[in-house]
**Student:** 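Dropping the structure in here first, questions after.
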Amino acid sequence: MSALKDEVDRQIALMREGCVDFYGESELRERLEGALRKKRPLRVKLGLDPSSPDIHLGHGVVLSKLRCFQDLGHTPIFLVGDFTARIGDPSGRKKTRPALDEEAVRANATTYVEQASQFLDVERAEIRFNSEWMGKMSPEDFIVLCSRYTVARLLERDDFARRYKGGEPISVHELLYPLVQAYDSVALEADVELGGSDQTFNLLVGREIQRDYGQAPQAVITHPLLVGVDGSEKMSKSLGNAIGIREAPEEMYGQLMSISDVLMTEYYRILGVRDEEVTALGMEVSSDDDPLGRKHQLAAALVARFHGAAGAERGAEHFRKVVQRKQLPDDLAETTLALDGADEMGLLEILERLSLTQSRGEARRLVSQGAVHVDQTRVADPTLRLGAGSYLLKVGKRRFARLQLRP
RNA sequence: GGAGAGGUACCGAAGCGGUCAAACGGGGCAGACUGUAAAUCUGCUGGCUCAUGCCUUCGGAGGUUCAAAUCCUCCCCUCUCCA
């Protein structure tokens, strides 16, 4: 009996680790006790909308928590919001999301499951798509769902309230989003739902809707939002401040090195980077008065989570070489361009054709700003032309190309 | 359905017949500096010609004019108030 209580305490403590809020904790405690007694695992839901092709470090926070539940023997439900992605989650939004077409959503959804496998044992997880039930719901049933909540309560939510007060448009479908997410919990019979703290409203609506449909309300555990590399907004692909988990180790490492020292501390905390991870890579744990060392360790530990120790090593080496010593990266792909009978080709055209710049105009500007190097020498003349041969091109700090110009 | 306000480049926001490729701020990019791809400072931020020339851009379609983001007509969209 007391062994059971101890186990409940242990699990609840792990569940609350790193969380912001834990709603329905005491109910969950009871439910967990019953679950353990009957050996029926809890159903733990985490929904992610496949609105961009990449899962990033911010998603990693909640995915890791889901993993923790899996390790405790519960059933993780990774819900791909292929239906909700097409509505667009209004959480934290100042404006309507552009609608995604079905094809893009499907493509993203596929890679989401694959990416989730970085965190979960997907073989033993329940992978679901909310189009399973939402796609089949009849208009009548949908209206029944809508009748369960009121406009005033939806408008209480701060991002809606702000937009409404500010005279910003809110489309009706955006208002419906929380209801659909809530219904997902009904369809899945979730015992627990995880999410970022910006999801609190949606998550709590889930509790009420479940009650309306005769289910016990899920517990809700929210987690801190990871701030993006810009240091101000939450990490999000559409804000361009995200570090995707599929990014190359060099890229990931560099991005992590670019964050401010204040943010570094936050990353350590929210992403739960431990000293053991650092020592496992054969690094000495630096003290707090060595910010550079600490940041290298953060970068290495996180890169290693996705690319292993070798990846962390590669990232570190690339950073030291290219960023700190301003040298060239070792593995430069070579591109060939043909002169097609001409004797030479203009530098601006080359830069554009190699996609080192987006237009010749941009190339011209960069040359005039001293950002373009050919064979390690800064170019000052935008009219420079190159004859057949092999060249090393550098634009700015991080754009390189090895070029073979063939006659 | 009625009345009013408004739609400007990646975002916010000026401009309201020529001097507008369009002020200013943010963002982005580059240079300098730096432990750093942070901070700071400086510059750039439509395309094509390798330039003071052409082309595309100010919700959409027409029109007035030598000339329109700026005026007129119709249409679309957003917000507010009334019904």
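Lettering of chains follows the sequences in order, A, B, ..., and the numbering in each one begins at 1. Fair warning: this is a prediction, and the values are worked out from it, not measured in the lab.
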**Student:** Give a yes or no on whether a donor-acceptor pair under 3.5 Å exists between the nucleobase atoms of rG31(B), that is its base, and the side chain of Gln369(A).
**Tutor:** no
**Student:** The side chain of Arg378(A) lies closest to which of these nucleotides: rA32(B), rC44(B), rA30(B)?
**Tutor:** rA32(B)
**Student:** Using a heavy-atom cut-off of 4.0 Å across all strands, would you classify Arg294(A) as base, sugar-phosphate, or nothing?
**Tutor:** nothing
**Student:** Heavy-atom count check: over 12 atoms from other residues, nucleotides or ligands less than 6.0 Å from Glu30(A) CD?
**Tutor:** no
**Student:** For the backbone of Leu392(A) and the side chain of Asp375(A), can you confirm whether one donor and one acceptor N or O come within less than 3.5 Å of each other?
**Tutor:**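 Between the backbone of Leu392(A) and the side chain of Asp375(A) there is a qualifying donor-acceptor contact (under 3.5 Å).
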**Student:** Does Phe78(A) have its ring centroid less than 6.0 Å away from the ring centroid of Phe129(A)?
**Tutor:** no
**Student:** Is it the case that the base of rC50(B) and the side chain of Arg364(A) share a donor-acceptor contact (distance under 3.5 Å, atom types as modelled)?
**Tutor:**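 Indeed, a donor on one side and an acceptor on the other fall under 3.5 Å apart.
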**Student:** Could you check, using the six-membered ring where one of them is a Trp, whether His296(A) and Tyr253(A) have ring centers closer than 6.0 angstrom?
**Tutor:**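 Under 6.0 Å, so yes.
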**Student:** Please determine, for the side chain of Ser260(A), which listed nucleotide (rA38(B), rC50(B), rC79(B)) has the closest atom?
**Tutor:**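 Closest nucleotide to the Ser260(A) side chain: rA38(B).
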**Student:** Taking the side chain of Arg365(A) as its heavy atoms from C-beta onward, which of rG43(B), rG46(B), rG35(B) lies nearest to it?
**Tutor:**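 Within the option list, the nearest is rG46(B).
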**Student:** How far does the P atom of rA13(B) sit from the matching atom of rG4(B), given to the nearest Å?
**Tutor:** 24 Å
**Student:** Determine which nucleotide pairs with rA69(B), using a 3.5 Å limit on both distances of a Watson-Crick or G-U wobble pair.
**Tutor:**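 WC or wobble partner does not exist here.
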**Student:** Heavy atoms only, 4.0 Å cut-off, all strands: where does Leu263(A) land among base, sugar-phosphate and nothing?
**Tutor:**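 Touches nothing.
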